[in-house]
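Below is one structure; the comments refer to it alone.
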Amino acid sequence: MSQQRVFVARLSGCAVFDPAGDRLGKVRDVVVIYRKDDPPRVIGLIVEIPGRRHVFVSIGRVTSIAMGQVITTGLINVRRFQQRGGEVRVMAELLGRKVYLTDGSGVAVIEDVAIERNRLGEWDVGQLFLRRPKTSASPFAKGPTTFAEWSQVRETQVPGEAQSAEQLVATYSELKPADLANTLLDLPEERLIEVAEELPDDRLADALEEMPEEDQVHILEALGDERAADILDAMEPDDAADVLAQLPEDRLEELLDLMEPEEAEDVRALLKYGPDTAGGLMTPEPIVLSADATVAEALALIRRHELHPALAAAVFVTLPPYETPTGRFLGTVHFQRMLRYPPHERLGAIIDDTLDPLPATSSAAEVARLLASYNLVSVPIVDQAHRLVGAVSVDDVLDYLLPEDWRSNDGDDIAPEPVSTNTASIPRRR
């Protein structure tokens with residue numbers, strides 16, 4: 001086992017391999033337990049395996065920890081990690097904590113934690129990387145940094161209690177929304193709300209869209225009305241409507257009144273439809289253009305980085321107005337078709353009018369059949385007057401068709417079998 005000192009913030013995200021070199025997952029956190037007189041003992045790693053499940057890997061199953069990679073014995077119990085009493089997550093609960101230096105020189109904030117292997121082959125918390133309060137009035141200035149041993153600091157609160165979430169939010173900045181959602185749901189309750197309060201509105205909105213609806217409601221309720229309305233404004237209208245549909249009527253109206261009028265109008269329109277209909281699944285913000293618009297104009301619109309890939313696969317051509325509900329729907333122009341024509345070509349000349357749109361009252365099953373039959377990633381939805389009111393993408397249908405607990409990946413098997421690279425049996429966690 002490597003004796004190199006490793007800082008946890010840099011270890012997070014590193015790949016985890018078995019002895020044969022096959023990748024098993026990536027590190028998301030380090031779990032420690034406090035001791036009375038000695039530094040905290042490392043008991044294991046939280047590893048994200050394929051399927052976004054977080055599992056516990058005992059430190060005894062780790063043969064090497066180095067910058068950039070972790071080598072294990074290849075034995076991983078894929079049962080989802082559940083934090084136990086007395087366990088502390090370094091990334092989630094220690095980083096950002098305020099401590100006092102025992103030499104009387106003041107306070108500092110933990111920005112990183114080093115773990116080291118001792119003479120007995122066990123991993124303990126070693127040095128702490130600390131940042132002292134800034135001494136300059138400049139808003140861009142930062143306080144000086146220093147290193148300290150665990151024995152040289154004492155916590156200002158009870159061991160294991162989390163404080164500032166700013167440092168933790170910074171470590172999550174590169175996570176994709178689905179990974180961020182999964183990471184947040186694995187946090188202790190109080191820490192989850194603390195981190196949610198620190199996340200920017202758009203970042204939290206993206207993460208909430210990847211969570212089960214009951215968790216979405218719980219987090220929004222904990223954040224208060226004004227912040228909840230801001231988050232709902234930042235969410236996709238169909239996702240916001242799904243969340244609000246879980247609330248009592250009076251509570252729903254309160255939040256809609258606090259939202260921006262334009263965003264609230266889109267959500268109200270979606271709430272008119274049943275959750276198992278095309279209208280309930282659709283987004284009211286597809287790309288809509290006139291028949292006189294050019295291929296170049298359409299390509300410029302679908303290049304926008306904030307646009308969902310499924311919605312960028314096609315543009316819809318209608319008569320004016322060009323915001324939903326639009327004028328009469330004329331047809332669809334797929335991205336691939338646009339690439340076959342010169343930039344100045346009019347969209348009206350290359351419309352695919354062979355596929356009929358679906359009424360907003362169509363069932364989710366009808367939408368799924370159409371997408372599957374014609375290998376589509378989105379389908380236009382119209383009202384009784386044949387006006388475009390939205391589009392359903394394949395991810396919306398998958399969300400509807402999959403079991404409610406699909407995000408946890410625990411619904412397929414009651415007792416998951418261990419992942420292993422050999423035939424050795426897997427002991428229960430510790």
Side-chain angles (χ1 to χ4, degrees), residues 233 235-242 244-245 256 259-295 297-302 304 306-308 310-335 337-338 345-371 373-374 376-397 399-400:
D233 281 334
M235 293 176 71
E236 293 294 327
D238 53 328
D239 290 304
D242 290 341
L244 289 171
L256 283 173
M259 292 175 63
E260 293 293 330
E262 289 186 3
E263 300 294 340
E265 183 180 353
D266 287 340
V267 174
R268 288 182 194 276
L270 292 173
L271 289 170
K272 297 176 182 177
Y273 301 102
D276 57 349
T277 65
L281 295 175
M282 71 183 181
T283 173
E285 298 176 343
I287 300 179
V288 183
L289 288 169
S290 72
D292 290 329
T294 64
V295 167
E297 292 175 286
L299 291 176
L301 285 177
I302 66 176
R304 293 179 300 170
E306 71 274 12
L307 190 65
H308 193 287
L311 290 179
V315 299
F316 302 109
V317 180
T318 73
L319 296 178
Y322 302 114
E323 290 187 2
T324 56
T326 68
R328 183 174 179 80
F329 176 73
L330 300 178
T332 304
V333 181
H334 300 283
F335 165 66
R337 188 176 180 87
M338 284 187 273
E345 185 69 64
R346 292 173 55 254
L347 295 182
I350 58 173
I351 285 177
D352 178 5
D353 56 4
T354 61
L355 293 176
D356 294 328
L358 286 177
T361 53
S362 301
S363 69
E366 290 179 83
V367 178
R369 278 194 293 270
L370 183 65
L371 289 170
S373 297
Y374 298 100
L376 302 173
V377 293
S378 66
V379 58
I381 306 300
V382 296
D383 61 12
Q384 291 180 336
H386 207 71
R387 301 178 303 174
L388 183 73
V389 292
V392 177
S393 57
V394 65
D395 60 304
D396 296 322
V397 176
D399 278 345
Y400 175 79

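When reading the values below, keep in mind they use all heavy atoms of this one structure, side chains included, and skip hydrogens, waters and symmetry mates.
Between Ile351 and Gly331, the shortest heavy-atom contact is CG2-CA, 3.6 Å. Of all the heavy atoms in Ala364 and Leu281, the pair that sits closest is CB-CD1, 3.7 Å. Of all heavy-atom pairs spanning Ala391 and Phe316, the tightest one is CB-CE1, 3.8 Å. Across every non-hydrogen atom of Val389 and Pro325, the tightest pair is CG1-CB, 4.0 Å. The two residues Ala360 and Ile381 come nearest to each other via the heavy atoms CA-CG2, 3.4 Å. Smallest separation of non-hydrogen atoms from Ala314 and His334: CB-ND1, 3.9 Å.
Among residue pairs with one or both ends in residues 311-332, none qualify as side-chain hydrogen bond (donor to acceptor under 3.5 Å, both in side chains); sequence neighbours excluded.
For Asp292 and Ser290, the side-chain atoms include no donor-acceptor pair closer than 3.5 Å.
Val392 has its side chain out of reach of Leu358: every pair of non-hydrogen atoms, C-beta onward, lies at least 4.5 Å apart. For the pair Leu299/Phe335, a side-chain contact is recorded, criterion being any heavy-atom separation below 4.5 Å from C-beta on. The closest side-chain heavy-atom distance from Leu376 to Leu371 is below 4.5 Å. Side-chain atoms of Leu388 and Pro357, non-hydrogen and from C-beta on, never get closer than 4.5 Å to each other.
Distance check, rounded to the nearest 0.5 Å: CZ of Arg268 to CG of Leu256 gives 4.5 Å. Between the CG atom in Leu355 and the OH atom in Tyr374 there is a gap of 6.0 Å [rounded to 0.5 Å]. Put simply, CD1 on Ile287 and CG on Leu311 are 7.5 Å apart, with the number rounded to the nearest 0.5 Å. One distance of note links CD of Glu285 with CG of Leu307; it measures 10.0 Å at 0.5 Å rounding. Note that CG of Leu271 is 8.5 Å distant from CG of Asp242, once rounded to the nearest 0.5 Å. To the nearest 0.5 Å, atoms OG1 (Thr283) and CG (Asp239) are separated by 8.5 Å.
In terms of modelled atom types and a separation under 3.5 Å, the side chain of Arg337 and the main chain of Asp352 share no donor-acceptor contact. For the pair Ser362 (side chain) and Pro359 (backbone), a donor-acceptor distance under 3.5 Å is present. For Asp396 (side chain) and Ser393 (main-chain N/O), a donor-acceptor pair under 3.5 Å exists by modelled atom type.
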Margin query: Would Val295 and Ile350 count as a side chain to side chain contact (heavy atoms under 4.5 Å, CB included) here? Give the steps.
Written below: CA-CA 9 Å; Val295 167; Ile350 58 173; 3.8 Å; yes
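Partners of Thr294 under the side-chain contact (heavy atoms from CB on, under 4.5 Å) rule, at least two apart in sequence or in another chain, are Ala296, Glu297.
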